[in-house]
Amino acid sequence: MPKEISIEVYGTDVICASCVNAPSSIDTYEWLEAAISRKYKDQPFSITYIDIEKPQDLEHRKDYAQRILDDEFFYPLVLVEGEVVGEGYVQLKPVYKELEKHGFSAEAQ
């Protein structure tokens, strides 16, 4: 069984102005959590929602939040094990591909 994979979703309550018709950051977080749980049953992962407008205690989270606020990335921004896999209008395929690089398998039950 693969180790627990860390997924981080960065965003804020306000929908990204550049991401027309995209779901909100929190909607993206909830959607990803449900989709990953369904596809990769019983495979360990943690998913964390990080509000970029709130103070962060971890340095890498401060860094990504500031980079989003500086318009380097669109939000929501999704990282799998520290690797950016989606921003703005997030797609499942790149997220799944990165999880499978870390040993996730849709066949594993």
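The first residue in the sequence is number 1, and the count goes up from there. Values in this document were obtained by computation on a predicted structure and should not be read as measured data.
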Colleague: Check whether any side-chain N or O of Lys39 sits under 3.5 Å from a backbone N or O of Ile36 as a donor-acceptor pair, and report yes or no.
Modeller: no
Colleague: Could you tell me if Thr12 and Glu53 have a donor-acceptor pair between their side chains, going purely by distance under 3.5 Å?
Modeller: yes
Colleague: Considering all heavy atoms of both residues, which atom of Leu92 and which atom of Ala35 are nearest to each other, and what is their separation?
Modeller: CD2-CB, 3.9 Å
Colleague: Say you draw a straight line from CZ of Arg61 to CD1 of Ile50; how long is it, rounded to the nearest 0.5 Å?
Modeller: 4.0 Å
Colleague: Can you name the nearest heavy-atom pair linking Pro44 to Phe104, along with the distance?
Modeller: O-CZ, 3.3 Å
Colleague: So, Glu81 side chain and Ser6 main chain: donor-acceptor pair closer than 3.5 Å or not?
Modeller: yes
Colleague: Compare every heavy atom of Gln56 with every heavy atom of Lys62, then report the nearest pair and how far apart it is.
Modeller: CE-O, 2.8 Å
Colleague: Can you tell me how far the OH atom of Tyr49 sits from the CD atom of Glu30, to the nearest 0.5 Å?
Modeller: 9.5 Å
Colleague: Hey, what do you get for CZ (Phe73) to CG (Leu79), rounding to the nearest 0.5 Å?
Modeller: 7.5 Å
Colleague: Applying the side-chain contact (heavy atoms from CB on, under 4.5 Å) test to Gln66, which of Asp70, Ile68, Asp63 qualifies?
Modeller: Asp70
Colleague: To check you understand the geometry: which heavy-atom pair defines the closest contact between Ile7 and Val80, and what is its length?
Modeller: CG1-CG2, 4.2 Å
Colleague: Whether the Glu98 and Tyr96 side chains hold a donor-acceptor pair (N or O, under 3.5 Å, no angle test) is what I'd like checked.
Modeller: no
Colleague: To the closest 0.5 Å, what do you measure between CZ (Phe45) and OG (Ser37)?
Modeller: 3.5 Å
Colleague: Would you compute the distance between atom CD of Glu8 and atom OG1 of Thr48 and round it to the nearest 0.5 angstrom?
Modeller: 6.0 Å
Colleague: Can you confirm if the NZ or CZ of Arg67 lies within 45° of the ring axis of Tyr64 and under 6.0 Å from the centre of its six-membered ring?
Modeller: yes
Colleague: Between atom OG of Ser24 and atom OH of Tyr75, what is the distance when rounded to the nearest 0.5 Å?
Modeller: 10.5 Å
Colleague: Determine the minimum heavy-atom distance between Val85 and Pro94, stating which atoms define it.
Modeller: O-CB, 3.4 Å
Colleague: Report yes if some heavy atom in the side chain of Leu77 is under 4.5 Å from a heavy atom in the side chain of Val9; otherwise report no.
Modeller: no
Colleague: Looking only at heavy atoms, which two atoms of Gln43 and Ser105 are closest? And how far apart?
Modeller: NE2-O, 2.6 Å
Colleague: Do any N or O atoms from the side chain of Glu87 and from the backbone of Phe74 form a donor-acceptor pair under 3.5 angstrom?
Modeller: yes
